[in-house]
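See structure below.
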Amino acid sequence: MSDVVEKTLSALPSLLSLDSQPGAGKLSSTSKLGNLIRGITELTSKHEEEKLIIKELASIKEQVASPNTTMRQMKEAMVRAIYCEMLGYQAPFSYIHAVKLAQQGSVLEKRVGYLAVSLFLNESDEFLLLLVNTVLKDLQSTSLMEVCMALTAVSQVFPRDMIPSVLPLVEEKLTHPKEIIRRKAVLALYKFYLIAPNQVQHIHSKFRKALCDKDPGVMTASLHIYLQLVKESPESYKDLTESFVTILRQVLAGKLPMDFNYHSVPAPWLQIQLLRILAHLGKEDQSTSEMMYDVLEESLRRAEMNHNITYAILYECVKSIYTVFPKAELLEKAAKCIGNFVQSPKINLKYLGLKALTYVVTQDANLALPHQMTIIECLDHSDIIIKRATLDLLFRITNAQNVAVIVEKMLAFLRLCTDEYCTVDLVGKVAELAEKYPFIKAKPGS
Amino acid sequence: MQFMLLFSRQGKLRLQKWYVPLADKEKKKITRELVQTVLARKPKMCSFLEWRDLKVVYKRYASLYFCCAIEDQDNELITLEIIHRYVELLDKYFGSVCELDIIFNFEKAYFILDEFLLGGEAQETSKKTVLKAIEQADLLQEPRHEYFNVPVY
């Protein structure tokens, strides 16, 4: 704890400079929040921390209840309340004031008010109903900041029954000239779709427009909705396959603005979303899958660099290739990829390789054969997570010859296992295997 | 994504963002147990955990642990990159960020997180756009009444 105090003390001179840079917004040393935080970090026992927080909460309670508190002071008090809640102490008296702050404050105070509401409340809270009016007002505001804040709040915590009242306003934002508003509107609608799908049935055509939006940010946002829709009913969206393939092709060819590059990989999250959507569309459907083979191959080829993000794309690509209608050469290339992962000295990649193998051996059990030695090594790995992943894999490739050994390993692992979920999971697997191979005798003493 | 937690090496929570509705008691329990589990991990171990019925991805930057719980079908590596991207955003915003910046300006950290991860989904917006949105709001240091409803962009 003392090294934090040391850092605080050495940082004090820079914090004292009230020459505010818009970027960092340095905290004034005399602010109440600063004092509170400093106070907390200096304490060493939980008991003292509790005492200090209770005192602080009482002071906040008094301040928020007083009619003389200005909005600005309210904002400050709210930030302290957020801090206390973060440390695990309840400040329920501040919830209603958070809503009020979002309602009545100026832009900066509104921001803190909305933040507090999104952190304190959840969907079933009654105070949320009070927020609905604020959101409605802000959605119609001429200030873009307020519209943004309202849309952000709506995407995070909004009572499901009140969706019809805000829906028309959010819908009209889909055609707003500013890209950020359109994007946030799409995401708000995505959230609505997740919690109340029948309310947004009628605007599917608008999603198509968002997909073709000239701004890549809005287009990406619409992909979240499409992934959900495609997962639920792939048949209705087969006609969009061509569009998705085209978008992916363009991304890979570097047609997006430079700013979307992440460590010189073009729009990786976008690529991954598209790969997932294509996987769902191509599953068990040869004609649709044929449309995407060359773009899948292209993704595999492009992601040949040495960075975590390219591995992430590769992993997703491999999964997609194994989900869609099979094509021999692609499967081969993907298998090679998995091989590289499993053999990799980097532990994260090994884990992913094991996971990928677990996924693909359901299709072709022979894929695990060349990696047998590595798998056996992983069984004795020092990291318990790798061990578990290996056991998962072994569970899938059991046959009459190796089941006795595998069950033995699982039982040995069970003895070391402390996590309840893990135990339940493994016991279930062992029971399943016992049922499947009833005539194999386990070694005595296991 | 289900939730994201930031905590120090002593287990002090610096930021928590939940994308699924859970009771407070449940949240506290999860936080406590997960923090302990992650802190017990040795440095050379995998960045991924299977904890209870969740998949957890964590990474340590200096003295801060960034920890995310994701859904079953989510890609673990991409979550690691989401964490990294968030750190990059914080770095650009605060100018060489350190744990103190996040401690003292945690509401700003929340704003940035909200711009980047809306409702638990990473928005593929350029770094520029995310930071511009925050900075625009910051520039309204002392809002005066006559500037309330003037469009800022």
Side-chain angles (χ1 to χ4, degrees), chain A residues 1 7-8 11 20 22-25 27 34 37 79 82-83 86-88 106-108 111-112 115 122-123 141-145 148 152 155-156 178 180 183-184 187 190-191 217 220-221 224 257 259-260 262 267-270 272 308-309 311-312 315-316 347-348 351-352 383 385-386 388 421, chain B residues 8 10 13 15-17 21-22 24 28 44-53 75-78 80-81 84-85 93-95 98-101 103-108 110-111 114 118-119 121-129 133 135-141 143 148-153:
Chain A
M1 204 79 67
K7 262 204 215 156
T8 317
S20 50
L27 198 64
I37 299 181
V79 176
I82 297 179
Y83 186 73
M86 183 161 74
L87 289 181
S106 68
V107 180
L108 272 188
R111 194 157 70 137
V112 173
L115 176 67
N122 56 42
E123 255 100 21
S141 156
T142 46
S143 155
L144 288 165
M145 294 251 75
C148 278
T152 311
S155 315
Q156 299 195 24
K178 274 290 171 184
I180 189 173
R183 178 165 53 87
K184 284 190 193 273
L187 286 169
Y190 171 58
K191 176 75 193 261
T220 318
H224 292 303
D259 199 33
F260 282 94
Y262 177 79
W269 282 277
L270 178 50
I272 292 191
N308 259 347
I309 192 74
Y311 297 140
Y315 178 72
E316 204 61 49
I347 198 171
N348 287 340
Y351 176 83
L352 274 185
D383 190 345
I385 301 296
I386 299 268
R388 259 182 82 177
Y421 277 83
Chain B
S8 71
Q10 287 88 22
L13 207 52
L15 204 133
Q16 53 172 326
K17 185 80 191 190
L22 280 177
D24 273 331
K28 276 209 228 157
K44 289 292 183 183
M45 289 184 165
C46 209
S47 294
F48 316 125
L49 273 188
E50 277 159 44
W51 180 77
R52 292 190 178 185
D53 56 339
N75 182 328
E76 289 94 333
L77 263 186
I78 197 84
L80 212 51
E81 291 308 301
H84 190 73
R85 175 64 115 152
Y93 180 74
F94 286 109
C98 64
E99 190 185 344
L100 271 182
D101 285 321
I103 299 178
F104 281 96
N105 296 290
F106 64 91
E107 79 271 17
K108 299 262 164 66
Y110 270 116
F111 291 143
D114 280 340
L118 199 50
E121 303 288 341
Q123 309 176 50
E124 173 80 76
T125 31
S126 44
K127 222 158 47 165
K128 243 181 15 205
T129 320
E135 277 158 17
Q136 290 277 12
D138 276 344
L139 282 175
L140 309 164
Q141 286 291 357
F148 266 6
N149 284 321
V150 174
V152 186
Y153 291 125

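In this text, all values refer to a predicted model and were calculated from it rather than measured experimentally. Order of the sequence lines sets the chain letters (A, B, ...), proteins ahead of strands, with each chain counted from 1. We use all heavy atoms of the structure for the numbers below, so side chains are in, but hydrogens, waters and symmetry mates are not.
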Rounding to 0.5 Å, atoms CD (B:Glu107) and CZ (A:Arg111) come to a distance of 8.0 Å
Across all chains, not counting sequence neighbours, the salt bridge (charged side-chain N to carboxylate O under 4.0 Å, His left out) partners of B:Glu76 are B:Lys55
Chain A shares the most heavy-atom pairs under 4.5 Å, among B:Asn75, B:Leu15, B:Leu49, with B:Asn75
So, the part of A:Arg388 with a heavy atom under 4.5 Å from chain B: the answer is side chain
Honestly, the part of B:Leu80 sitting under 4.5 Å from a heavy atom of chain A is side chain
By salt bridge (charged side-chain N to carboxylate O under 4.0 Å, His left out), A:Glu316 pairs with (sequence neighbours left out) A:Arg276
Correct closest heavy-atom pair for A:Ile385 and B:Glu50 would be CD1-N, 3.7 Å
So, the part of B:Phe106 with a heavy atom under 4.5 Å from chain A: the answer is side chain
